[in-house]
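All chains are named by letter (A, B, ...) in the order of the sequence lines, taking the proteins before the strands, and each is independently numbered beginning at 1.
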There are 2 protein chains.
Amino acid sequence: MSKKSVPAASDTETRATSEHAPDLRLWLRMLACTNLIENHIRSRLRAEFDITLPRFDLMSQLERSPQGLKMGELSKRMMVTGGNVTGITDQLVGEGLVIREDSPKDRRAYLVKLTPEGRRSFRKMADAHEKWILELFSGMDEAQRGQLYGLLAALKTSASRTTAK
Amino acid sequence: MSKKSVPAASDTETRATSEHAPDLRLWLRMLACTNLIENHIRSRLRAEFDITLPRFDLMSQLERSPQGLKMGELSKRMMVTGGNVTGITDQLVGEGLVIREDSPKDRRAYLVKLTPEGRRSFRKMADAHEKWILELFSGMDEAQRGQLYGLLAALKTSASRTTAK
DNA sequence: ATGAAAATATCGACCCCTAAAGTATCAAAA
DNA sequence: TTTTGATACTTTAGGGGTCGATATTTTCAT
């Protein structure tokens, strides 16, 4: 029901060979995993709710900030550029899921908020989304998931050091 | 030198709160890590070699298959759609890094290959690329990287089961 | 052989994303 | 006050990605 024209099977990790540095293989495996899961989520969101992942992500941010968020805040939290947020917000406004309110404090800024319909709609999607994730990770036991969580924290720290320079 | 208009700091993981299912937080953390690293690689490739990640990936596939690959093979291995491969290949052909040869066996198909210049160019970039990865993972010790590698194998298996249905 | 079904690749419409430049507002110093 | 500089957002140009439709060739059952 997902994945049709996207082959999705053969694996980006194909790129890795024994001659490659172990770290490179590690990275390619991680990338393959992430893409696999992300593509799956993406196509289920589209198939079952007719929404894109970026739109879902934006709504997800708003749901946790009922007071509204400025465009710049959204940009930071979603780790995308401002111009990108403009476009996604436009779409969601057009669908009636989100509104741009003028900020009372700063006439340059908006406060973006979920509409009541947006909130309702998001709750339904978020429930399904969480179930899908559960399912995708269900092949790992509790201990494994805990370990992975910890290791990713270490990786994030490691990468952030390099990245921040 | 990287990351300018992209905030990149505040973290996608912001989306996760204590009230979320642990699996969801795990997934969001993984996504944040991957994006962090991928964006870093992406901008360094651009800054230092004026090439995009997808183009680099395609060349990477070809480098390991000197006999050439059909468009469909590339599509499978890169986990993207055929239409997408058409576009990226066009670009690389335009830059003289790659050629489309008619397949002798099947008149519908091409064999895409690296040109000599493409091969030369790729080796340089691949060396740098590998160094960057090493650097990004350098904050983890050998044991941690090994563990992570194993856990990702488990995750891949788990996710593939769901994904394949 | 032939004719239908499957496979290979391209195209067009549309969304996501970035970098760079532009507009408007704010804040603070001269 | 005026200017200067930073902030908040939009716009534009261009690459990346999907899907669905199309054209061509191959395959295979009849």
Side-chain angles (χ1 to χ4, degrees), chain A residues 1-8 12 35 38-47 50-58 68-95 100-112, chain B residues 1-8 12 35 38-47 49-58 68-76 78-95 100-112:
Chain A
M1 166 235 62
S2 39
K3 242 32 77 39
K4 214 163 301 176
S5 15
V6 183
T12 299
N35 286 339
E38 195 170 1
N39 284 338
H40 182 71
I41 296 296
R42 211 180 278 276
S43 57
R44 287 195 83 159
L45 276 177
R46 202 163 52 69
D50 194 36
I51 199 175
T52 63
L53 184 51
R55 265 125 90 162
F56 177 79
D57 281 346
L58 194 153
L69 288 174
K70 296 195 294 180
M71 302 295 277
E73 291 277 350
L74 281 168
S75 169
K76 270 201 211 61
R77 300 194 189 199
M78 298 174 72
M79 295 207 294
V80 298
T81 54
N84 193 2
V85 172
T86 297
I88 298 172
T89 302
D90 285 348
Q91 299 278 356
L92 287 171
V93 167
E95 295 171 12
R100 263 191 261 239
E101 274 181 12
D102 292 325
S103 165
K105 294 307 228 177
D106 186 338
R107 282 194 316 197
R108 294 168 301 180
Y110 303 118
L111 281 178
V112 184
Chain B
M1 164 234 62
S2 42
K3 243 36 75 40
K4 213 166 298 175
S5 15
V6 182
T12 300
N35 286 339
E38 195 170 1
N39 284 337
H40 181 72
I41 296 296
R42 211 180 278 276
S43 57
R44 287 194 84 159
L45 277 177
R46 163 186 299 290
F49 298 106
D50 193 36
I51 199 176
T52 63
L53 185 51
R55 286 187 286 261
F56 177 79
D57 281 346
L58 194 153
L69 288 174
K70 295 195 294 181
M71 303 296 277
E73 291 276 352
L74 280 168
S75 169
K76 270 199 210 60
M78 298 174 72
M79 296 207 294
V80 298
T81 55
N84 191 1
V85 172
T86 297
I88 298 173
T89 301
D90 285 349
Q91 299 278 355
L92 287 171
V93 168
E95 294 171 12
R100 261 189 263 239
E101 275 181 12
D102 293 324
S103 164
K105 292 306 228 179
D106 187 338
R107 284 195 315 203
R108 293 168 300 183
Y110 303 119
L111 280 178
V112 185

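Of the possible donor and acceptor atoms, one in the side chain of S75(B) sits under 3.5 Å from a partner among the backbone N and O of V80(B).
Counting any heavy atom pair closer than 4.0 Å across all strands shown, R46(A) reaches sugar-phosphate atoms only and no base atom. As judged by a 4.0 angstrom heavy-atom cut-off over every strand, R55(B) is placed among residues touching the sugar-phosphate backbone only.
Atom NZ of K105(B) is separated from atom C1' of dT27(D) by 15 Å (rounded to the nearest Å). L53(A) has its CG atom 20 Å from the P atom of dG16(D), to the nearest Å. In this entry the distance linking CD1 of I88(B) with P of dG14(D) reads 18 Å, nearest Å. Atom CZ in R77(A) sits about 14 Å away from atom P in dA8(D), given to the nearest Å. Whole-Å rounding puts the E38(B) CD to dT18(C) P distance at 11 Å. Nucleotide dC16(C) holds its P atom 15 Å from the CG atom of N39(A), rounded to whole Å. In this structure, D102(A) places its CG atom 16 Å from P of dA8(D), rounding to the nearest Å. When rounded to the nearest whole Å, the span between CG of D90(B) and P of dG17(D) equals 14 Å.
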Which protein N or O atoms sit under 3.5 Å from an N or O of nucleotides 4-9 of chain C?
| unit_1 | atom_1 | unit_2 | atom_2 | d |
| --- | --- | --- | --- | --- |
| dA7(C) | N3 | R108(B) | NH1 | 2.7 |
| dA9(C) | OP1 | M71(B) | N | 3.3 |
| dA9(C) | OP1 | Y110(B) | N | 3.3 |
| dA9(C) | OP2 | G72(B) | N | 2.7 |

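A close approach under 4.0 Å does not occur between any side-chain nitrogen or oxygen of T52(A) and OP1 or OP2 of dC15(C). For dT18(C), the OP1/OP2 oxygens have a side-chain nitrogen or oxygen of N84(A) closer than 4.0 Å.
Checked against side-chain hydrogen bond (donor to acceptor under 3.5 Å, both in side chains), E95(A) has the following partners two or more places apart in sequence or in another chain: R55(A). Residues forming a salt bridge (charged side-chain N to carboxylate O under 4.0 Å, His left out) with R100(B) (at least two apart in sequence, or on another chain): D90(B). When the side-chain hydrogen bond (donor to acceptor under 3.5 Å, both in side chains) test is applied to Q91(A), no partner is found at least two apart in sequence or on another chain. For R108(A), the salt bridge (charged side-chain N to carboxylate O under 4.0 Å, His left out) partners are D106(A), not counting sequence neighbours.
Comparing dC17(C), dT18(D), dG17(D) by their closest approach to the side chain of P54(A) singles out dC17(C). Closest to the R107(B) side chain, of the nucleotides dG17(D), dT25(D), dC15(C), is dT25(D).
The two residues L69(B) and L74(B) come nearest to each other via the heavy atoms CD1-CD2, 3.8 Å. Of all the heavy atoms in M71(B) and T86(B), the pair that sits closest is CE-CA, 3.6 Å.
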